[in-house]
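Inspection log for the structure reproduced underneath, given as structure tokens.
The shown structure was predicted, so the numbers you read here are calculated from the model rather than taken from an experiment. Values below: every heavy atom of this structure, side chains too, minus hydrogens, waters and symmetry copies.
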Amino acid sequence: DEEVFKEEANEYVINMIYNEAKAMYLPNGESSTEEEKELAESVSVESMLTKATEEGDYAGYIDTVVAEVEEKTGNNPYQVSMKIYTNMDRSIQDGINDVLSGKTHTWEDEEVQAGISVVDVNTGALVAVGAGHNRKANTFNYATQAKRHIGSTAKPLFDYGPGFEYNNFSTYTLFNDEPWSYTDGPEIGNWDGNYQGLITLRQALSVSRNVPALKAFQQVSKKNIIEFVTNLGIEAEIEGNSLHEAHALGAFEPGATTLEMASAFAAFANGGYYIEPSAVTKIEYRDTGEVVEFNNEKERVMSDSTAYLMNNVLQYAVEHGFNGGARVYGSKVAAKTGTSNLDDATIERYNLPSGAVNDLWTVAYTPEYSIALWYGYETVSSEHYLSGASAPKDAVMQSVMKSIPKTTKEFTQNGKITKEVEQYGGQAGDDVQLTINAKFQQDMQKIMDSAVAGLGGYSNGGYAVAINPHTGGIY
């Protein structure tokens with residue numbers, strides 16, 4: 001019965017503790033005292049099971065902490081006795097644990113995986129780690145170890161961010177979404193196989209058009225792009241002080257982890273500062289009493305105007321474009337989605353449908369937290385692959401966002417841009433669409449002025465532009 005089971009289990013635990021302690025502290029086979037055995041007997045199986053359960057719940061975060069301590073000190077906490085103080089937010093971590101365990105989320109299948117990192121944008125504190133779906137302790141950490149192709153989440157980092165910072169891009173900068181190629185020849189397309197013609201940067205990024213992203217990448221100095229992404233903690237595939245153009249769409253080695261992506265996007269949220277993420281605040285060595293504190297410094301890596309413009313566009317994406325499951329009513333959220341493709345050889349080898357993909361991402365942030373989610377399979381097979389539909393990943397992100405504190409705080413305003421808004425008749429805090437109410441509309445007026453017989457043409461910056469004055473369509 002239950003009592004007999006508890007008694008037998010207690011005896012097993014007592015013997016286990018006794019034998020392990022003897023092996024650890026009496027390695028030469030010395031005899032232990034009755035007092036030591038009585039101490040082992042005082043530990044109940046219920047308390048041991050409770051402790052094991054708690055450690056299992058936080059295994060992913062604990063593994064992250066252990067790896068960080070070992071990296072920073074050279075000491076393994078399992079071998080060197082120490083107290084470790086961490087940045088974990090238990091409420092957020094519990095919510096993510098419940099998602100990954102299936103308690104609050106129904107998963108597509110038992111093989112699909114996910115990695116999740118949540119970072120405080122203002123301090124760099126790693127407040128929660130989702131190490132994997134139904135992951136066991138001391139196994140691969142999908143949040144901090146899985147470097148994957150980042151797909152279109154690269155566009156703010158490699159394309160438009162550097163464009164804002166170095167090439168004076170604005171949200172109204174025009175791109176012609178048209179048939180286009182990499183410089184070395186191969187054509188690229190958009191996710192829907194179509195083209196939208198002349199569109200603004202805001203539109204291009206919010207609905208993730210590939211052609212404008214590549215054009216933006218091609219316009220910016222590769223040296224500047226390398227500087228921009230390196231300062232954000234992203235390791236690019238650098239070849240002879242340059243980058244191949246597939247970086248524009250997130251196809252580069254070694255890729256990035258969710259922790260790296262959450263920390264990179266946090267720099268937009270906090271006004272342009274990169275803060276190296278950290279799970280540990282300090283350690284105290286039990287034997288000596290020595291205390292070692294870890295303080296992460298802020299480093300400005302972009303202008304506040306670049307951060308402001310990106311926040312504005314990615315907020316627009318959440319409200320009017322692709323939100324990746326990150327939209328939360330009553331909270332300020334910016335986000336970018338990403339998908340990486342499978343190569344033709346893999347699709348052929350496993351007889352996969354043409355739309356099958358390799359990785360799905362959402363990176364989202366509020367004025368307080370940055371959240372990165374990767375979703376996919378460790379190894380693609382004929383049975384396990386992503387169909388290309390983002391709905392299962394978006395559902396995971398929706399579940400994760402329920403654990404992120406809502407906030408009505410605004411992202412940091414940029415004084416220069418706010419002044420420009422007011423100059424063109426807007427008010428402080430208005431959408432950066434302000435410039436469409438000014439310079440962009442001036443360009444549109446030129447187009448309208450040149451319209452003839454209902455359809456006119458106008459050359460703007462080398463682009464052939466035509467507008468239908470009856471519908472307002474731009475071609």
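Phe164 has its ring centre no less than 6.0 Å from the ring centre of Phe228. Between Tyr61 and Tyr58, the ring centre distance reaches or exceeds 6.0 Å.
In this structure, Lys332 places its NZ atom where only 12 or fewer heavy-atom neighbours from other residues, nucleotides or ligands lie under 6.0 Å away. Counting heavy-atom neighbours within 6.0 Å of Glu239 CD, excluding the residue itself, gives a total above 12. Taking a 6.0 Å sphere around CG of Asn168, one finds it holds 12 or fewer heavy atoms contributed by other residues, nucleotides or ligands.
Distance CH2/Trp191 to CG/Asn341: 13.5 Å, rounded to 0.5 Å. Between the CZ atom of Arg209 and the NZ atom of Lys155 there is a distance of 8.5 Å, given to the nearest 0.5 Å. In this structure, Thr106 OG1 and Lys103 NZ are separated by 14.0 Å, a value rounded to the nearest 0.5 Å. For the atom pair OH (Tyr377) and CG (Leu386), the distance works out to 6.0 Å, reported to the nearest 0.5 Å.
Under the rule for a ring pair (Phe, Tyr, Trp, His ring centres under 6.0 Å), Phe294 has no partner lying at least two apart in sequence or in another chain. Looking at residues two or more places apart in sequence or on another chain, you find no ring pair (Phe, Tyr, Trp, His ring centres under 6.0 Å) involving Tyr385. By the salt bridge (Lys or Arg N to Asp or Glu O under 4.0 Å) test, Glu276 pairs with no residue at all, sequence neighbours left out. Contacts of Tyr160 classified as side chain to side chain donor-acceptor pair (under 3.5 Å), with partners at least two apart in sequence or in another chain: none. In terms of the ring pair (Phe, Tyr, Trp, His ring centres under 6.0 Å) criterion, residue partners of Phe158 (sequence neighbours excluded) are, by chain and number, His247, Phe252. With sequence neighbours excluded, the residues that form a side chain to side chain contact (heavy atoms under 4.5 Å, CB included) with Glu378 are Tyr142. Partners of Tyr274 under the side chain to side chain donor-acceptor pair (under 3.5 Å) rule, at least two apart in sequence or in another chain, do not exist in this structure. Remark: Ser81 pairs with Arg286 by the side chain to side chain contact (heavy atoms under 4.5 Å, CB included) rule, at least two apart or across chains. In this structure, the salt bridge (Lys or Arg N to Asp or Glu O under 4.0 Å) partners of Lys72, at least two apart in sequence or on a different chain, are Glu68. Residues passing the side chain to side chain contact (heavy atoms under 4.5 Å, CB included) test with Glu253, sequence neighbours excluded: His149, Glu237. Judged as a side chain to side chain contact (heavy atoms under 4.5 Å, CB included), and not counting sequence neighbours, the contacts of Ala128 are Ile92, Gln93, Ile96, Val118.
Asn76 places a side-chain N or O within donor-acceptor distance of the main-chain N or O of Tyr78, the cut-off being under 3.5 Å. Judged purely by atom type and a 3.5 angstrom limit, Thr230 uses its side chain to pair as donor or acceptor with the backbone of Ile226. Formation of a donor-acceptor pair under 3.5 Å by the Ser331 side chain with backbone atoms of Val328 is not found in this model. The main-chain N or O of Ile150 is never found under 3.5 Å from a side-chain atom of Arg148 such that the two would form a donor-acceptor pair. Between the Thr258 side chain and the Ala143 main chain, a donor and an acceptor come within less than 3.5 Å of each other. In this structure, the side chain of Ser370 engages the main chain of Ala262 through a donor-acceptor pair within 3.5 Å. Using modelled atom types, one side-chain atom of Thr139 and one backbone atom of Lys136 make a donor-acceptor pair closer than 3.5 Å.
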Tabulate below the donor-acceptor pairs under 3.5 Å that side-chain atoms of residues 391-402 make, not counting sequence neighbours, or state none.
{"from": "Lys393", "atom 1": "NZ", "to": "Trp361", "atom 2": "O", "distance (Å)": "3.2"}
{"from": "Lys393", "atom 1": "NZ", "to": "Thr362", "atom 2": "OG1", "distance (Å)": "2.7"}
{"from": "Asp394", "atom 1": "OD2", "to": "Ser390", "atom 2": "OG", "distance (Å)": "3.2"}
{"from": "Ser399", "atom 1": "OG", "to": "His105", "atom 2": "ND1", "distance (Å)": "3.0"}
{"from": "Ser399", "atom 1": "OG", "to": "Ala395", "atom 2": "O", "distance (Å)": "3.2"}

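Ring geometry for Tyr316 versus His320: interplanar angle of 30 to 60°, hence tilted. Between His133 and Trp107, the ring-plane angle classifies as parallel under the 30° and 60° cut-offs.
Of all the heavy atoms in Asn210 and Ser152, the pair that sits closest is OD1-OG, 4.0 Å. Across Ala334 and Asn311, no two heavy atoms sit closer than the pair CB-O, 4.2 Å. What you find for Ala335 and Val318 is that their closest heavy atoms are N-CG2, 3.4 Å.
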